[in-house]
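Everything on this sheet refers to the single structure shown next.
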Amino acid sequence: MGAELSVRDLRHVRAGREVLRVDELDVARGARLCVLGPNGAGKTTLLRLLAGVESPQRGRVTVDGLRTVDGGVDLRRRLGYATQRPALLSTTVRRNVELPLRWRKVPRGRRAELALAALERLRVAHLAERPATELSGGEQQRVSLARAIATDPAVLLLDEPAASLDAQSRSAFLADLDQALADRATTVVHVSHRPEEAMRLADRVVALVDGQVHQIGSPELLTRCPIDASVAALVGYDNLVEAFVEADGAVVVDRAPTGLRCDGPAGPATVAVFAGGVRLVGDDEPGVPMRVAQVAPGPGHWTVLLDGAVSLLARVRLDGRPPQAGERTRVSFDPALSTVLTKD
Amino acid sequence: MKESLYEVLARSALVSLSATAIASLIGVSLGTALALTRVGGRRILIAAVNTGMAVPTVVAGLAVALLLWRTGPLGDLGLIYTVQGMIIAQALIATPLITAITMAALRMLPPDLPEQLRLLGANRVQLVLRMWLEARLSLLAAAMAGFGTAISEVGAATIVGGNIHGHTQVMTTAIVESVARGDFEVAIFYGVVLLGLAFVINGLLASVQRRGAAWARS
């Protein structure tokens with residue numbers, strides 16, 4: 001059974017600097033929350049405050065109404081925690097996973113069953129009798145996660161558990177993690193700086209920048225309607241371009257049409273565009289004049305760097321003639337892959 | 001002579017092993033406290049431990065003798081020129097070494113390990129026991145170093161024990177006495193036996209260390 005988390009009027013200061021400010025944050029029982037933020041945003045600090053290993057200078061952090069700093073061992077035994085650098089103990093994988101169960105006084109036979117089941121969920125049961133410290137980084141992450149879920153925690157706190165994995169391993173790891181949590185009522189709080197992790201694992205995302213919550217919402221809401229440029233950058237928009245909304249709603253960059261319209265007030269704005277939403281159009285078509293600075297092949301597309309009034313990153317399909325460096329072109333933005341952030 | 005040798009050998013082993021056990025108890029506890037907590041006066045304690053390692057054994061022996069002397073503060077205990085007094089002196093010599101090695105061993109573990117253990121649900125006792133298990137090979141090395149210091153020292157054993165035949169004479173003091181008498185043959189014999197004793201006991205500890213490493217891999 002999951003637990004309810006609540007944060008109220010939280011202020012956390014370190015070395016005289018406020019590193020975290022959260023006025024209100026609630027996580028419902030069984031919900032999956034991702035705290036998305038760049039490095040140094042205060043994500044791990046928030047997780048540590050939720051775990052009760054750090055106490056805030058001001059405010060309340062509670063799990064099922066109990067302040068985490070007062071919870072002690074009893075509260076910590078309701079939590080599971082996996083970090084980006086798991087400290088596995090110098091014994092076998094099985095014993096590593098059994099240890100938290102032993103500390104919770106689970107009988108020996110049941111311990112072995114639960115440990116093996118958790119290892120199976122993370123697809124590492126075949127490593128059960130191997131020394132844990134001799135595993136690869138990816139295997140260690142899986143074992144660490146198996147250790148965290150073996151106790152069937154009410155709250156699972158994940159601190160960038162896939163951060164040290166390469167892209168391919170990370171994708172498989174996240175799929176297995178998603179699967180491992182699928183039929184559980186555990187409340188999950190996961191921190192990451194990778195939007196794809198947030199989109200994949202969370203039903204709600206908190207965008208945290210410089211210790212402050214900028215936006216809370218579903219992954220879709222944050223992707224489609226980021227509240228500001230920093231959130232747009234966080235959720236993976238490749239281009240943030242200074243633009244202007246004209247009185248008739250047309251969005252222009254350096255007075256050139258972008259193909260976008262905005263219902264908001266006229267005035268300065270920022271256009272956030274995914275690289276896939278930058279369309280190269282003919283030099284005689286309406287668009288922002290640019291020059292192709294660099295072209296490089298990517299997986300399934302050309303990555304094109306464009307220079308002009310602004311710099312842009314574009315992704316162009318592999319079929320047809322690739323753009324040539326030095327070539328003049330115009331670009332427009334695909335409304336489905338762009339959003340206009342007005343200044344008000 | 002044979003009876004005398006066995007007696008001296010057994011007394012040497014008893015004094016040094018007892019001193020090592022006491023020093024391990026104190027040194028591992030103190031080293032753990034210094035490595036894992038941020039108590040006030042920690043820096044002063046660490047400086048004292050480091051200084052303690054450099055104290056000549058005769059000075060340590062002198063300090064213990066002054067304490068245990070019949071007119072000293074602990075004179076009523078009647079421990080001067082006794083095996084128990086020698087154990088106290090050797091424990092005092094070995095403790096700083098074991099404390100320092102324990103502290104270094106625990107600090108060499110991943111710095112966030114204590115926090116991760118807490119987050120896995122360990123209480124304080126479980127946390128410390130697990131940290132010791134993780135550092136077990138180094139802790140055994142600390143005990144071996146402590147034993148090596150205790151069994152090889154002669155200054156404190158002479159001052160506190162008095163090298164009394166059949167009562168407080170140990171291998172090192174017997175060697176010194178034999179050399180003083182010009183009886184090099186006996187001194188060399190005692191020396192070889194002392195080396196053998198040290199070899200056997202360190203061999204046993206090393207075997208425990210190897211088993212520990214094998215257990216970790218299994």
Side-chain angles (χ1 to χ4, degrees), chain A residues 44 47-48 50-54 68 71-106 128-135 140 144-159, chain B residues 28 31-33 35-40 42-43 101-144 205-218:
Chain A
T44 300
L47 214 57
R48 289 166 55 82
L50 289 172
V53 290
E54 227 173 299
T68 54
V73 178
D74 289 340
L75 174 71
R76 288 201 298 275
R77 287 184 178 169
R78 296 188 64 207
L79 308 177
Y81 197 108
T83 67
Q84 52 183 303
R85 290 187 310 274
L88 295 184
L89 305 167
S90 57
T91 182
T92 62
V93 165
R94 181 178 53 77
R95 285 182 178 163
N96 261 279
V97 180
E98 282 185 13
L99 191 67
L101 295 161
R102 199 169 82 194
W103 286 339
R104 287 161 176 80
K105 301 196 186 323
V106 175
E129 298 308 321
R130 289 263 304 275
T133 48
E134 290 176 13
L135 304 180
Q140 289 200 2
S144 162
L145 208 55
R147 188 171 62 176
I149 66 167
T151 56
D152 197 13
V155 181
L156 183 61
L157 303 172
L158 305 174
D159 186 0
Chain B
V28 170
T32 303
L36 300 184
T37 63
R38 296 282 172 269
V39 290
R42 187 171 156 274
R43 284 186 182 180
I101 297 176
T102 300
M103 201 163 57
L106 293 176
R107 280 179 171 181
M108 281 177 68
L109 294 174
D112 54 352
L113 182 62
E115 185 172 297
Q116 291 206 24
L117 292 175
R118 268 199 297 274
L119 286 166
L120 287 173
N123 60 30
R124 279 184 193 180
V125 174
Q126 288 163 337
L127 185 146
V128 168
L129 289 176
R130 192 64 230 184
M131 294 289 285
W132 284 349
L133 263 175
E134 288 302 297
R136 59 193 171 270
L137 302 184
S138 302
L139 297 188
L140 265 170
M144 286 159 77
L205 287 170
S207 150
V208 174
Q209 208 176 33
R210 275 196 302 277
R211 279 164 196 261
W215 177 81
R217 281 194 299 275
S218 69

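Worth knowing before you read on, the calculation uses all heavy atoms, side chains too, and leaves out hydrogens, waters and symmetry mates. All chains are named by letter (A, B, ...) in the order of the sequence lines, taking the proteins before the strands, and each is independently numbered beginning at 1.
- No donor-acceptor pair closer than 3.5 Å links the side chain of A:Arg76 to the backbone N or O of B:Leu120.
- Only the side chain of A:Arg48 comes within contact range of chain B, judged by heavy atoms closer than 4.5 Å.
- Contacts of B:Leu117 with chain A are made by both backbone and side-chain atoms, with heavy-atom separations under 4.5 Å.
- Taking OH of A:Tyr81 as the start and CZ of B:Arg118 as the end, the distance is 11.5 Å to the nearest 0.5 Å.
- Remark: side-chain polar atoms of B:Glu134 are paired, donor with acceptor, to backbone N or O of A:Ser90 under 3.5 angstrom.
- Under the 3.5 Å distance criterion, the side-chain polar atoms of A:Arg77 are matched with a main-chain donor or acceptor of B:Gly121.
- Heavy atoms of B:Gln116 lying under 4.5 Å from chain A belong exclusively to its side chain.
- Of the atoms belonging to A:Leu157, not a single heavy atom falls under 4.5 Å from chain B.
- For B:Asp112, the part lying near chain A is the side chain, with the backbone staying farther off; criterion is any non-hydrogen pair under 4.5 Å.
- Of all the listed residues (A:Val73, A:Leu89, A:Thr83, A:Leu79), the one sharing the greatest number of non-hydrogen pairs under 4.5 Å with chain B is A:Leu89.
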